[in-house]
Amino acid sequence: MSGQHAVDIADLVHRYGDRVALDRVSFTVEAPSIFGLLGPNGGGKTTLFKILATLLRPASGSAHVGGVDVVSNPAAVRSKIGVVFQNPSVDGKLSVLENLHHHGMLYGLSGALLKVRCAQQLDRFGLSDRAGDRVEALSGGLRRRVELAKSLLHGPSILILDEPSTGLDPGARISLMDELHQLRDRDGVTCLLTTHLLEEADHCDRLAILDHGKVVAIGTPDALKQAIGGEVITVRCADAAGLGERLGARFKTTAEVVDGTLRLEVANGHAMVPEMIEAFPGEIDSITVGRPTLEDVFVHVTGRRFWSGGAE
Amino acid sequence: MSSASSVEVRPAWTMAAWSLWRREVVRFLRQRSRIVGALGTPIVFWLLIGSGLRESFAAGGSGGGADSINYLEYFFPGTMVMIVLFTAIFATISVIEDRREGFLQAVVASPAPRSAIVVGKVLGSTTLAFGQAMLFLLLAIPTGLPLGLASFFAVAGVVVLVSLGLSALGLLIAWPMDSTQGFHAVMNLCLMPMWLLSGALFPASGASPWVAWVMALNPLTYGLAALRRALYPGGGGATESVPSMGVSLVVTLVFGLIMVALASRVVHRRG
């Protein structure tokens, strides 16, 4: 049974031909919250998004959204959720209000109720004075707002977003995350978004890191970082493998080689840095020490840099 | 607004279809280049092909009944069917990109009934085709086309029927595709020959036997025959050698219904 979770996924598998896109993925999302699916492109995020949005049938396993099975009852799921796509799904030749109107009618809204809902959403997203403008004339940030306004028109309790910050400048990205936080706090809406941006993932309540179709880590961003513990030292040098071995022996730790650089997860990195430089004079080109970031979490669980694994 | 105020969503079939239909028409009217192309192309085709083949046509076959009329006149119903075919192709070609990364993504993710999506889209395309074909017809009246009122309405009815079938066929082909290049290939391989072998350019009577056979199996042959007979209710106009009005209407109607049903199935299955 799915209980009271907004989203409940169990053993979900999907394949494109021989390629496994989702490999026994399981997790739940509490309501209301902001849940992020973080991963490099090709990691399986969009496949999962499509299954939750009822656009793709999984090969096996189950997925419940709002307590309803996406496979056996897609029509009921569609009514419960709002969906925001990576690429705009508005018609540029129609005005902002016409787009909202059309969308509302697809969801069965009409007459006075449709008018009120459109006005509410325009007001909420600061679009009232642009209602008559054609969408093609709006900036990328405003267009995203139209997408959001549209997806919330029928009052869904769950919003599913695929890379919602695609094409937005940093300022617009921040205000998008603010909107999602407001939706959670004011309206009790659960947001599930896919992202490949580490800074965006940092603003989620919980995260699942998806790599090669598997959930490789799940938890709050803080808990994921704390799981690594202490600090992360990154060393750039000419002979990473050789230096790594000697460093490991000298300091009784393990130094991983990631993309030609050395990476050490240690308890008190700031104290080790001067020692390391003195122990191996001339061999270290640069050395940095910092608290773990989500990038470190990704390297920790996959052994690869986040961006190097990005290619499909 | 809070999520507690969310309404019970009961998507209405007619509203979804109507909204999709309206979008199709509004979108067309807001693109000037499409309007110019839609009206200009058939006129240019009609005059160029019609005038170019005039002498060859007159010098050619004997018997067929078609050589008794001028080729511009012979080619006129074929041009109307071409308008309908091109409109159906234009309307459905956008489906491919729209469905993958555009407007139709949200339509498919909505609870709108799948058959309403098909009907909205097909009726939108039919409306555009109808408008253009009828405008072309009106433009032709000054050139001496004998057209009575009854004939006018008969033509209108036939154009709607032919257009329904071709629009649904276009949607049926376009929906499962993920590239417009693929659609162009199918268009050149299937849709254009369908038109070429419908009697639009030459009558079956003058063609080699196997071509005449293909023409008899081509559903568009019957659409064109119905149109020819609607334009010339009293005979003439190369109507002698084409199927009867009854057969033509039945085949066209059945073809249209089958196409709409198949398109609904494809949209339902492939979301």
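Within every chain, numbering begins at 1; the chains are lettered A, B, ... in the order of the sequence lines, protein sequences first and strands thereafter.
The line from NZ of A/Lys93 to CG of B/Leu29 is 12.5 Å long, rounded to the nearest 0.5 Å. Note: A/Glu136 CD to B/Arg30 CZ = 9.5 Å, rounded to the nearest 0.5 Å. Taken from NE2 in A/His102 to CZ in B/Phe103, the straight-line distance is 3.0 Å, to the nearest 0.5 Å.
There is no contact between A/Thr190 and chain B, counting heavy-atom distances below 4.5 Å. Contact annotation for B/Leu20: both backbone and side-chain heavy atoms come within less than 4.5 Å of a heavy atom of chain A. A/Val90 touches chain B through its backbone: at least one of N, CA, C or O sits under 4.5 Å from a heavy atom, while the side chain does not. Neither the backbone nor the side chain of A/Arg57 comes within less than 4.5 Å of any heavy atom of chain B.
With a 6.0 Å radius and a threshold of 12 heavy atoms from other residues, nucleotides or ligands, A/Gln86 has its CD atom above the threshold. Within a 6.0 Å sphere centred on NE2 of A/His14, other residues, nucleotides and ligands contribute more than 12 heavy atoms. Counted within 6.0 Å of CZ on A/Phe27, heavy atoms from surrounding residues, nucleotides or ligands total more than 12; the atom is thus considered enclosed.
The candidate with the highest count of non-hydrogen atom pairs below 4.5 Å against chain B, out of A/Lys150, A/Glu98, A/His101, is A/Glu98.
Remark: A/Asp91 pairs with B/Arg23, B/Arg27 by the salt bridge (charged side-chain N to carboxylate O under 4.0 Å, His left out) rule, at least two apart or across chains.
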What donor-acceptor contacts under 3.5 angstrom involve side-chain atoms of residues 105-113 of chain B, with partners at least two apart or in another chain?
| from | atom 1 | to | atom 2 | distance (Å) |
| --- | --- | --- | --- | --- |
| B/Gln105 | NE2 | A/Asn87 | O | 3.1 |
| B/Gln105 | NE2 | B/Gly102 | O | 3.0 |
| B/Ser110 | OG | B/Val107 | O | 2.8 |
| B/Ser110 | OG | B/Ala112 | N | 3.2 |

Which is it for B/Trp18 and A/Met105 under the side-chain contact (heavy atoms from CB on, under 4.5 Å) test, yes or no, and what are the steps along the way? CA-CA 9 Å; B/Trp18 188 72; A/Met105 292 185 84; 3.8 Å; yes
